[in-house]
Structure formats: C-alpha cells, structure tokens
Protein chains: 2
Amino acid sequence: MAKIDEVARVAGVSISTVSYALSGKRPVSAATRQRIELAVRELGYSPNAGARMLAGSQTNIFALSEPLRADSHAPSHMAFMHAMTVAARRREYDMLLLTDEDASAGMKRVAASGLVDAVLVLDVAPDDPRVAIARASATPTVFVGIPDDHGDLVCVDLDFESAATQAVDRLVDAGHERIGLIGGSRRAYEKSNFPPRVRDTVVTRAAERGATATAVASGEIVTDRALVRQAVRRFVDDGVTGIVLHAPEEVAQVVLVELEALGRRMPDDVSIVSVGSSFDTDSLPTPIDSIPLVPQSSCERAVDLAIELVAGRPVASGLHLISPTYLDRGSVAVRPLP
Amino acid sequence: MAKIDEVARVAGVSISTVSYALSGKRPVSAATRQRIELAVRELGYSPNAGARMLAGSQTNIFALSEPLRADSHAPSHMAFMHAMTVAARRREYDMLLLTDEDASAGMKRVAASGLVDAVLVLDVAPDDPRVAIARASATPTVFVGIPDDHGDLVCVDLDFESAATQAVDRLVDAGHERIGLIGGSRRAYEKSNFPPRVRDTVVTRAAERGATATAVASGEIVTDRALVRQAVRRFVDDGVTGIVLHAPEEVAQVVLVELEALGRRMPDDVSIVSVGSSFDTDSLPTPIDSIPLVPQSSCERAVDLAIELVAGRPVASGLHLISPTYLDRGSVAVRPLP
DNA sequence: TTGAAAGCGCTACCAT
DNA sequence: ATGGTAGCGCTTTCAA
C-alpha cells in the first residue's frame, strides 16, 4: 500500500506531478512520465479510493439498480448485469449492486452519501417507482428501458417499434398475408414496457402493409406449454404462414416442436422471425431469423450516457433508441402459392 | 448534501460529538443525541462515503467475485448474488460486483485501492485461481465453496457429506437396498468441488449401511434429456427403488416424467431425495424430499465471517460447514415387499 | 460528557 | 513543465 508521496520520492518529482502524470490532466514530459511509471510499478502503487473520492469529484463507481424478484427471468437479468459491468469496466468504472426490495432506498442512500457518480436502472417497469427517485436526485440516472412517464429522463432501449416493423415487413415482403404474433406472459405485458409496443406495432404495420389478417396470441405461456401449442395450432388452422415471436427462449422451442408435430415445415410452410429476444436464436435446434435485444449494445450506450452526464456534458433527455439488426438465419421463405 | 459541521451547528454541539453520536463509539447524553438526530433528519444529512473511507478504516463495501461465464447456470448464480447482497445490507454493507474475465485482476484492483473491506468469492472451482490472489492479498477473503487447497482459507459451504449421508440413510431406513444417484453434467464434476463429494459419500454410505447395490449415473445430462431418461430406465431395470438426485431443476423434471412413462409411481414404487439443490423442490409438479443448498444460509455465514475478519477478530481458517436440513415432502416411502 | 484539532491520501489551484 | 499547498469531510486522539 504505497502512497503517492513515496512514488513522488522514488521518481524524484513532486506529488502533484505524479497525480497529473497518472490522470493525464496536465502535460508531463516523456522522461518524467517514464520515471513515474517505473516508480508506480516498482512500488505496486494504487491510488487510495477514499482519498480520490474525497479530493476529486468522482468516485468511479456506478450503482446498478436491479430489484431481483423471485419471479424474474434470471438469464436475461444476468445477461444485462454482466453486460453492464463489462461496459462500465471499459470506462474504468466499478459497479455497485443495488438489489434492495425497496429500490428507492438504495438509490437514495448511495446518492446521498456520494458513493456513486451515477445510477444505472435496469428492468424498468411502466410505472417504475425509481422514476420519482431519479427526478428528486441530483445524481445522474440512466434508465435501460422506458417508463411511461419519461419526458425528462435519459432512457436507452432497443427500438422495438422499428424491430417489429422490420419483422412484419420481412414477412410481408415474402408474400405472407396472415401473420401471427406469439408474445410472452400476461405478466410481461403489465410489468414491462415493450411487449405492448411490439404487439401494437406488429398489428398496425401489418394493416399498413395490407396483410389480410393479424392474429395475436399471448398469455401465461411460459408456465404452460399447452397454451403455446394451442396458439400455434390455431394459427395453422387460420392459414397463418408468418409468425412473429416475442417471447422467452423456452417458447421458441415449443413453437418449433409443435410445428413439427403438425407436419408443418419451417420455413417452407411457416416462416418465423423472433423480435427482441436476448437469447441466441442461433443455438436453437433450428436457427430462426431474429432481431435481437443485445444487452451489450444497450449497456454500452447507457454507460456512455452516464459518463457524459457525470462529466457535466449535455445529454439529450428522452429516448435513446438502439437501431435493431436483422439476423438472417433462413427461417423466412417466400410464401408458397396456396 | 449537508455536511457534518452543519449538523453540529444546528444541534449546537461540536463536530466530534456528532460523529460519536452517529457511530456510537463514545457515550453521548440522551439529550444531546436527540438534538443531533433531529438536526440530521432536518438537514437530510448523510455522511460522505469518501471522507469516511479516508478518515476511518472501513469502506463498508464488500466485493463479490463471480466470473459470469456464458455457460454458467444463471438462476443459481442469481440466487447467490442476491442472497449475498441482502446479507451484506443487513450488516450495513454495500456490494461491489467483480465479474472480470480475469477474476484476479478485479480482486487485486479493489484490494490495492482500499475500495473494499473484504472480498466474497462465489462459484469456487477446485483449482480456483482466486485462491492464490487471496493468499497474496491483505484484504480479508471468504470463499463460498471449497477449493482443493484450502488449508489456510476461510471457506463456507453446505455440509454435502452430511447431506448425502442423510439422504442415503433416509432411503435405507425405508428399506431401500438399491440406490441410484443421478448427478449433474460431466462439466459440473470437473468445475465444481461438491458433486464428486456427494457421489463418493453416497456410494460409501450406502456400502456402510449394507445397501446391496449403488448405481451412479452422470453425464452431459442437462443438455440431453435422453441420457437422464436412459439412466432412469436402467435404474428401474436394475431394481433400484431409491434415487438420490444431485442435479439441476430440469433434470428433476425429466426424472419424474420418465418414471411416470415407465408406469412407476412416486413414492410407491420409487422413492426420491434431492441433495444440494438450490431450487425449490416444492414447486415441482410432484414435490420431492430435499436437502437443499440454501444460498441465504451460506451467504449470511460468509458475510458474518467477513465482518469478523474486517474487525480483526480471530476466525478459524478452514471449512465452515452449514448443517443441512431435511425437508420431508413425502417422496420417500417404505419399500414395498418384492 | 464534550470540544479542538491533527491527520487520512489524494486533487487541483496558484505559483514558478 | 513542474512544485507547493490548501482543502475535500470525516474519524479519532488528546484535553478539558
């Protein structure tokens, strides 16, 4: 635990020069910098975090607010937490985990004590209570997800409207006139913001493109495979030839199995596109086209925005939408003539 | 962001009295304390984290080392991370997330900068590289899980030997003479420390108790339901009437389904006990007896130990085993006469 | 029971 | 390009 004055002594320079050499906030001659770096390595010097926080204005710590409910989908949450910590580390930031039952308490605490430079909010609900905290707090806050009332907040999210539009267009372009959407659980539609957005966009866009009919199916699907299978059967009966999937990985599996059971081949008989999945549709038994929700993209953007806010640079409040990418896996085929 | 001197002024006392009143490290008269508490609330005072770290000796932050690999079982990891942060919060500690690819780098960094008071290590491998870091570091470290070479480390874990013994005993006591063990994936047996311990204990204990035969099945089961089903079929053919399960939730499901497919009822024909599962066997379609690995217990113990170490109080190095609890769900029945 | 003041180890301003 | 040094907001002696 060498301190900065030791480094200065060994390098034969002043304390301030060491500080500036390390922060780069003031030019230091190459020769001096060399000697300092050498001394740093020799002594295994690492600046004291507390002293930095106190003297400087930054803590180099972000808080990650993610209330871990028992019913939450662990893999997605993990993916986002991981992506976020990795994104933060790239910018020299550490991540403090806020999982309190009462998310507000944690956010208040770390903000009041100046422990973190900014708060990153995951798993955002439409009526998220953390919105109020963010507004009342002087600590910069970035939401990954879009609460209902977000006018003055900084929010990052996949552009689900664009994604849904692209999915529908791809299917319609291939001649599919009847499209079916399989969504997630009823709970997802209430707790989360984007499932309704995807649903509405799919319906609207299909109508715009003159797709004859658009069926929508959703329910407590995850816990009940039967519901999914039933939905698939109804689609097939109704002459649906294009399916948009906006549901967890397990659902995708079930759909594929059921189609096979019904003797429908993919993509020859039925085409499928997955929208906003955070899992890898490539590793499904049969890969399917996908417009994925890539945690990495959202998280890197969120961290970048947080850093801008911390630096006091202007950031547009409102939505920061990530442009979706269409991954072609061959699960959309031109509709066979009836 | 009121500061301590403001609180002192409002309360009409000195700065040091405020500090002592809040820390409780020196007796303060009831009247004075009241005035201070009032002032604190009035001003919404919250001590500055950086100043505390610098002046005091503690940061009130723990680091949680958990390398999040893509292949790791998200739900268990989440459960442990959550349990750990909750346990820490109870003791006024915040949790810093260390998920670096190179776990060692993160541990070195936070230790060197004095950012955290202690490191809590999750998902411990037999030959875990973090063992070396812990040894080389002055920062207290507590492992949840047991590396091969753990003589001088502080490790917390479920007493898997005891759990496995209890499971076997329960089955043997019920008259089962042929016991089958279904373990996790081959990878789990290499990457983790306890699967082999459970396997060996089951085999040994069964022999001790004079159980006529003990079959062991394990393999890349998670990814391949067929393997599990095959194992179950072999068990049934071999006259196994008691099954010990030591595998992820999905495997339990498959076993239940396969038994039903074979026309074997549970527990009338075959008894089952799950050992060391961190999921809730109660919520399976058919509840089964279980000796669960409760993240909460391990994590609270780990946090307590960390706090002892931080306080400089003596802590026995070596294993701190959590006593297992047998949960009776009615999945073990007396063996029917052949 | 309380107060005064000396640090804790940095950053960043003001000099040179 | 470099150095001196005044804080940052606490904790904790040392005194009273």
Side-chain angles (χ1 to χ4, degrees), chain A residues 1-37 39-40 43-61 92 110-117 310-312, chain B residues 1-37 39-40 43-61 92 110-117 310-312:
Chain A
M1 293 283 169
K3 301 181 291 182
I4 198 173
D5 56 347
E6 292 197 57
V7 176
R9 203 169 37 68
V10 171
V13 295
S14 74
I15 288 179
S16 53
T17 300
V18 173
S19 177
Y20 284 119
L22 294 180
S23 72
K25 291 186 181 173
R26 193 168 84 173
V28 170
S29 76
T32 307
R33 155 166 286 121
Q34 295 259 312
R35 297 215 312 286
I36 291 176
E37 279 168 2
V40 164
L43 300 167
Y45 169 72
S46 183
N48 178 280
R52 283 189 107 155
M53 290 189 195
L54 185 54
S57 37
Q58 300 193 9
T59 69
N60 276 281
I61 303 177
E92 303 272 68
V110 295
S113 64
L115 219 196
V116 306
D117 292 339
V310 169
Chain B
M1 293 283 168
K3 300 181 290 182
I4 198 171
D5 56 348
E6 292 197 58
V7 176
R9 206 169 35 69
V10 171
V13 295
S14 73
I15 289 179
S16 54
T17 300
V18 174
S19 177
Y20 283 119
L22 294 179
S23 72
K25 291 186 180 173
R26 192 167 86 172
V28 171
S29 76
T32 307
R33 156 166 286 121
Q34 295 258 313
R35 298 214 310 287
I36 291 175
E37 280 169 2
V40 164
L43 299 168
Y45 169 71
S46 183
N48 178 280
R52 283 189 108 158
M53 289 189 194
L54 184 55
S57 37
Q58 300 193 10
T59 68
N60 277 279
I61 302 176
E92 305 273 67
V110 296
S113 64
L115 219 197
V116 306
D117 292 340
V310 169

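In what follows, chains are A, B, ... by sequence order, proteins preceding strands, each numbered from 1.
When distances run from any side-chain atom of B/Ser19 to the nucleotides C/dC10, D/dT2, D/dT12, the shortest one goes to D/dT12. Distances were taken from every side-chain heavy atom of B/Arg26 (C-beta onward) to each of D/dC14, D/dC10, C/dC10; the shortest belongs to D/dC14. When each of C/dT2, D/dA1, C/dC14 is scored by its nearest atom to the side-chain atoms of B/Thr17, the top-ranked nucleotide is C/dT2. Between C/dT1, D/dC8, D/dG4, one nucleotide has an atom nearer to the side chain of A/Ala55 than all others, and that is D/dC8. Comparing C/dG3, C/dA12, C/dC10 by their nearest atom to the side chain of A/Lys3 picks out C/dC10. Minimum atom distance to the side chain of B/Leu54 is reached by D/dG9, of the listed D/dG9, C/dG3, D/dA1. Nearest nucleotide to the B/Ser16 side chain, out of C/dA12, C/dA5, C/dT11: C/dA5. For B/Ala51, counting side-chain heavy atoms from C-beta on, the closest listed nucleotide (D/dT2, D/dA1, D/dC10) is D/dC10.
With hydrogens and angles ignored, no donor-acceptor pair under 3.5 angstrom links the side chain of A/Ser14 to the base of D/dG4. For A/Ser29 against D/dA1, a side-chain-to-base donor-acceptor contact under 3.5 Å is absent. Under 3.5 Å, the side chain of B/Tyr45 and the base of D/dC10 form no donor-acceptor pair of N or O atoms.
Whole-Å rounding puts the A/Tyr20 OH to D/dG3 P distance at 12 Å. As a whole-Å value, the separation of A/Gln34 CD from D/dA1 P is 15 Å. Whole-Å rounding puts the B/Arg35 CZ to C/dT1 P distance at 14 Å. Going from atom CG of B/Asp5 over to atom P of D/dC10 covers 8 Å, rounded to whole Å. Regarding A/Ile36, its CD1 atom lies at a distance of 11 Å from the C1' atom of D/dA1, rounded to whole Å. A straight line from CZ of A/Arg52 to P of D/dC10 spans 21 Å, rounded to a whole angstrom. Atom CG of A/Asn48 is separated from atom P of C/dG7 by 18 Å (rounded to the nearest Å). B/Ile4 has its CD1 atom 11 Å from the P atom of D/dG9, to the nearest Å.
For B/Lys25 and D/dT12, the shortest distance from a side-chain N or O to OP1 or OP2 is below 4.0 Å. OP1 or OP2 of C/dT2 sits under 4.0 Å from a side-chain N or O of B/Thr32.
A residue-by-residue look at A/Ile15 and B/Ile15 shows that A/Ile15 has its nearest nucleotide of DNA chain D further toward the 5' end.
Counting only distance, with no hydrogens or angles, the side chain of B/Asp117 and the backbone of B/Asn60 share a donor-acceptor pair below 3.5 Å.
The distance from the CD1 atom of B/Ile4 to the CD1 atom of B/Ile36 is 9.0 Å, given to the nearest 0.5 Å.
In this structure, B/Thr59 and B/Leu115 have side chains that are not in contact, with every pair of non-hydrogen atoms separated by 4.5 Å or more. Using a 4.5 Å heavy-atom threshold, the side chains of B/Ile61 and B/Met53 count as touching.
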Would you tabulate the side-chain donor-acceptor contacts of residues 45-52 of chain B under 3.5 Å, counting partners in other chains and residues two or more places apart, or write 'none'?
{"unit_1": "B/Asn48", "atom_1": "OD1", "unit_2": "B/Gly50", "atom_2": "N", "d": "2.9"}
{"unit_1": "B/Asn48", "atom_1": "OD1", "unit_2": "B/Ala51", "atom_2": "N", "d": "2.8"}

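A donor and an acceptor atom, one from each side chain of A/Ser19 and A/Ser16, are nowhere located under 3.5 Å apart.
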